[in-house]
There are 4 protein chains.
Amino acid sequence: MARGVNKVILIGNVGGDPETRYLPNGNAVTNITLATTDSWKDKQTGQLQERTEWHRVVLFGKVAEIAGEYLRKGSQCYIEGRLQTREWEKDGVKRYTTEVVVDMNGSMQLLGGRGGSSDDAPRQPRPQREPQQQAPRAQAQPQQRPAAQQPAPDYDSFDDDIPF
Amino acid sequence: MARGVNKVILIGNVGGDPETRYLPNGNAVTNITLATTDSWKDKQTGQLQERTEWHRVVLFGKVAEIAGEYLRKGSQCYIEGRLQTREWEKDGVKRYTTEVVVDMNGSMQLLGGRGGSSDDAPRQPRPQREPQQQAPRAQAQPQQRPAAQQPAPDYDSFDDDIPF
Amino acid sequence: MARGVNKVILIGNVGGDPETRYLPNGNAVTNITLATTDSWKDKQTGQLQERTEWHRVVLFGKVAEIAGEYLRKGSQCYIEGRLQTREWEKDGVKRYTTEVVVDMNGSMQLLGGRGGSSDDAPRQPRPQREPQQQAPRAQAQPQQRPAAQQPAPDYDSFDDDIPF
Amino acid sequence: MARGVNKVILIGNVGGDPETRYLPNGNAVTNITLATTDSWKDKQTGQLQERTEWHRVVLFGKVAEIAGEYLRKGSQCYIEGRLQTREWEKDGVKRYTTEVVVDMNGSMQLLGGRGGSSDDAPRQPRPQREPQQQAPRAQAQPQQRPAAQQPAPDYDSFDDDIPF
DNA sequence: TTTT
DNA sequence: TTTT
């Protein structure tokens with residue numbers, strides 16, 4: 001049920017503790033930023049170069065819950081998802097943000113032994129709050145989540161739907 | 001020589017005839033847009049849904065030349081590259097464009113029998129113009145290439161370097 | 001629900017018309033062989049070298065049915081699956097066969113315009129035989145479902161044995 | 001320079017300390033076995049199932065040296081390579097072994113913090129012996145390397161070439 | 001802007 | 001056994 005292939009495979013380190021929210025239908029959504037670093041030898045100078053790329057990753061459903069529980073700032077993880085660009089507006093100007101979407105067709109895996117540098121016990125699932133507490137269906141003050149790299153609007157201001 | 005994996009695999013159809021330009025150092029750069037289409041059955045309504053995603057793909061070097069010669073509007077092709085987001089400015093506002101970069105570490109392949117719907121004979125390499133004509137090292141009037149999907153500045157306004 | 005990643009991505013041409021069989025539980029199983037060809041320039045002689053690799057691909061379920069209907073000898077297709085080695089015995093000697101398994105976690109896509117060189121009208125689904133004929137749901141001796149996934153002897157008691 | 005795609009992506013744990021040998025031309029060859037584990041819920045019984053797959057991985061060149069230095073039994077690593085089946089003979093009977101080949105077009109990466117359970121200090125490169133010592137061009141007693149999973153002959157009995 |  |  002598809003024409004075409006749209007696949008992204010990443011291994012990198014998580015830029016900050018993930019924040020999981022819940023859609024009105026109860027589905028979890030977790031946003032993370034992932035850093036991948038390339039290094040190569042400059043052909044001219046022969047010097048070792050390095051470049052870090054930051055990726056916006058959005059996880060949905062079961063994998064979003066697992067990400068929210070197990071990933072921490074610094075965690076190394078594997079991501080398999082698809083590229084998706086969504087449009088948003090700011091000050092009447094259209095902007096575009098490209099994300100790596102991970103849903104039930106994708107995959108996420110925590111790698112390595114210790115999972116990052118957060119205060120929470122690493123590699124141990126966080127105490128799972130009650131979903132209701134965790135994701136109030138009606139959110140009075142949607143707390144702002146600091147957008148990484150690309151100043152894009154977050155999924156916090158939704159009412160019932162997500163703009164993509 | 002890398003920490004992390006940053007890999008994109010696409011199969012889709014090219015949105016328009018590719019345009020190949022040459023960097024001052026003689027390296028070819030080809031921009032294409034690639035459409036990948038997903039379809040799935042809506043869980044609620046049971047109806048068949050469809051969504052087309054447009055990807056900005058930038059090819060460098062040898063693979064850029066091959067893309068410029070063989071790809072046409074409508075061509076189905078396989079792309080293996082890496083994700084890269086570059087920053088640019090317009091009216092004093094920072095914007096970001098995410099592209100799939102294909103260089104010597106990536107790969108491009110024309111798929112299927114007939115290569116697209118262009119006027120040129122498909123699957124036949126285009127008459128190769130002289131590189132000098134094609135890519136004057138000193139370009140008085142860098143012709144504008146219409147940006148696809150995301151209104152981003154092109155690689156035409158470079159002096160010697162590309163902003164990534 | 002996994003530790004580790006086991007992923008195979010192939011684009012190649014089908015070596016012969018696929019043959020679809022049905023397991024006692026009604027699930028379809030299609031076997032194909034897929035040829036991928038590499039070419040490279042020999043460093044010593046500078047000559048163009050070529051090597052064709054043949055892959056055994058086993059598809060299960062829905063994707064097996066689609067493969068059986070649409071693929072033909074010569075069809076170019078995309079395969080996403082996982083590596084699996086199964087053990088079997090011949091003349092008291094253990095042998096091993098490695099296959100690329102495509103199930104609901106994998107994917108298959110017919111590529112290009114014309115689908116191969118078979119006599120059947122290409123790209124048109126084959127006349128679908130009645131499932132009952134094809135796969136009698138009620139089988140006197142439902143041999144134990146040769147678990148697709150686990151190290152099973154073979155996928156049914158076919159006579160033609162497999163040459164690798 | 002290719003028709004077709006032949007790509008394998010694995011993340012798993014190394015089954016034993018790697019053994020690196022050197023070809024007469026000085027190129028390194030490292031063999032490892034890699035375990036990937038899948039788990040899934042059985043549809044009938046609802047029980048959690050698990051299956052471990054062992055992969056034979058052969059690395060060549062620079063990446064073979066890095067693998068030999070940094071990988072240890074238990075190390076978690078990422079492998080990107082291609083599928084290759086080679087034929088060999090035993091007691092006049094042809095057999096086939098499928099391997100994942102990693103060369104300069106592929107990639108290998110050590111994952112996680114501590115790299116395995118070997119006695120050598122993990123994550124620290126092994127003391128690098130002198131290449132000459134390491135890889136005598138004429139090897140009087142090619143040490144036998146225990147073949148994993150598939151009882152295939154090793155690359156030890158080569159004179160000048162490798163049988164694939 | 002592509003394709004089926 | 002495929003394909004260009």
Side-chain angles (χ1 to χ4, degrees), chain A residues 1-6 85, chain B residues 10-19 31-40 48-57 66-67 69-79 109-118 122-125 145-151, chain C residues 10-19 31-40 48-57 66-67 69-79 109-118 122-125 160 162-164, chain D residues 1-6 85 96:
Chain A
M1 292 234 273
R3 272 164 299 141
V5 170
N6 176 357
T85 299
Chain B
L10 303 174
I11 294 178
N13 297 284
V14 178
D17 283 2
E19 203 60 51
N31 288 274
I32 58 170
T33 54
L34 198 72
T36 58
T37 302
D38 270 295
S39 54
W40 68 96
L48 200 64
Q49 303 283 0
E50 202 173 88
R51 178 188 162 93
T52 293
E53 192 71 32
W54 284 96
H55 310 271
R56 299 176 64 93
V57 179
I66 297 173
E69 287 173 24
Y70 289 91
L71 295 183
R72 287 294 165 274
K73 179 180 185 177
S75 296
Q76 187 182 38
C77 79
Y78 167 86
I79 288 290
Q109 288 201 33
L110 179 61
L111 301 176
R114 317 141 306 101
S117 60
S118 237
R123 207 74 204 265
Q124 300 277 94
R145 192 180 162 278
Q149 181 199 23
Q150 292 180 34
Chain C
L10 304 174
I11 293 178
N13 297 283
V14 179
D17 284 1
E19 204 59 51
N31 288 274
I32 58 171
T33 53
L34 198 72
T36 60
T37 303
D38 270 293
S39 53
W40 68 96
L48 200 64
Q49 303 283 359
E50 203 173 87
R51 178 187 161 93
T52 293
E53 192 70 32
W54 284 96
H55 310 272
R56 299 177 62 94
V57 179
I66 297 172
E69 288 173 24
Y70 289 91
L71 295 183
R72 288 293 164 276
K73 180 180 184 175
S75 295
Q76 188 182 38
C77 79
Y78 167 85
I79 288 290
Q109 287 200 35
L110 180 60
L111 300 176
R114 318 142 306 101
S117 58
S118 239
R123 205 72 205 267
Q124 298 278 94
D160 2 52
I162 292 199
F164 68 91
Chain D
M1 292 235 273
R3 274 165 297 141
V5 170
N6 176 357
T85 299
Y96 299 85

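Here the structure is a predicted model, which means the values were calculated and not measured. Below, all heavy atoms of this structure are taken into account, side chains as well, without hydrogens, waters or symmetry copies. Quick note on labels: first sequence line is chain A, next is B, and so on, each numbered from 1.
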Which nucleotide in dT2(E), dT2(F), dT3(F) has an atom nearest any side-chain atom of A35(C)
dT2(F)
dT3(F) P sits how many Å from I32(C) CD1, rounded?
14 Å
Spacing between D38(C) atom CG and dT3(F) atom C1', to the nearest angstrom:
13 Å
Check for me: is W54(B) stacked on dT2(E) by the 5.5 Å centroid and 30° plane-angle rule?
no
Between dT3(F) (C1') and Q109(B) (CD): distance, integer Å
11 Å
Who are the side-chain hydrogen bond (donor to acceptor under 3.5 Å, both in side chains) partners of E53(C), not counting sequence neighbours?
R51(C)
Could you check which of dT2(F), dT4(E), dT1(E) has an atom nearest any side-chain atom of R3(A)?
dT4(E)
Atom CG of L71(B) and atom P of dT3(E) are separated, to the nearest Å, by 13 Å
Test side chain to side chain contact (heavy atoms under 4.5 Å, CB included) on R3(A) and N13(B); report intermediate values, then the result.
CA-CA 10 Å; R3(A) 272 164 299 141; N13(B) 297 284; over 6 Å; no
Where the side chain of N13(C) is defined as all heavy atoms beyond and including C-beta, which of dT3(E), dT2(E), dT2(F) is the nearest nucleotide?
dT2(F)
Selected nucleotide, minimal atom distance to K73(C) side chain, candidates dT4(F), dT2(F), dT2(E):
dT2(F)
Just how far, in rounded Å, is C1' of dT4(E) from CD of E50(B)?
8 Å
Could you tell me whether the side chain of Q76(C) and the main chain of I11(C) form a donor-acceptor pair under 3.5 Å?
no
Roughly, in whole Å, what's the span from OH in Y70(C) to C1' in dT4(E)?
11 Å
Separation of N6(D) atom CG from dT3(F) atom P, in whole Å?
18 Å
Atom pair CD1 (I79(B)) and CG (L111(B)), whose distance is rounded to the nearest 0.5 Å:
9.5 Å
Contacts of Q49(C) that satisfy side-chain hydrogen bond (donor to acceptor under 3.5 Å, both in side chains) - sequence neighbours left out
none
In this structure, how many angstroms lie between the C1' atom of dT1(E) and the NE2 atom of H55(B), rounded?
13 Å
Is it the case that the base of dT2(F) and the side chain of T52(C) share a donor-acceptor contact (distance under 3.5 Å, atom types as modelled)?
yes
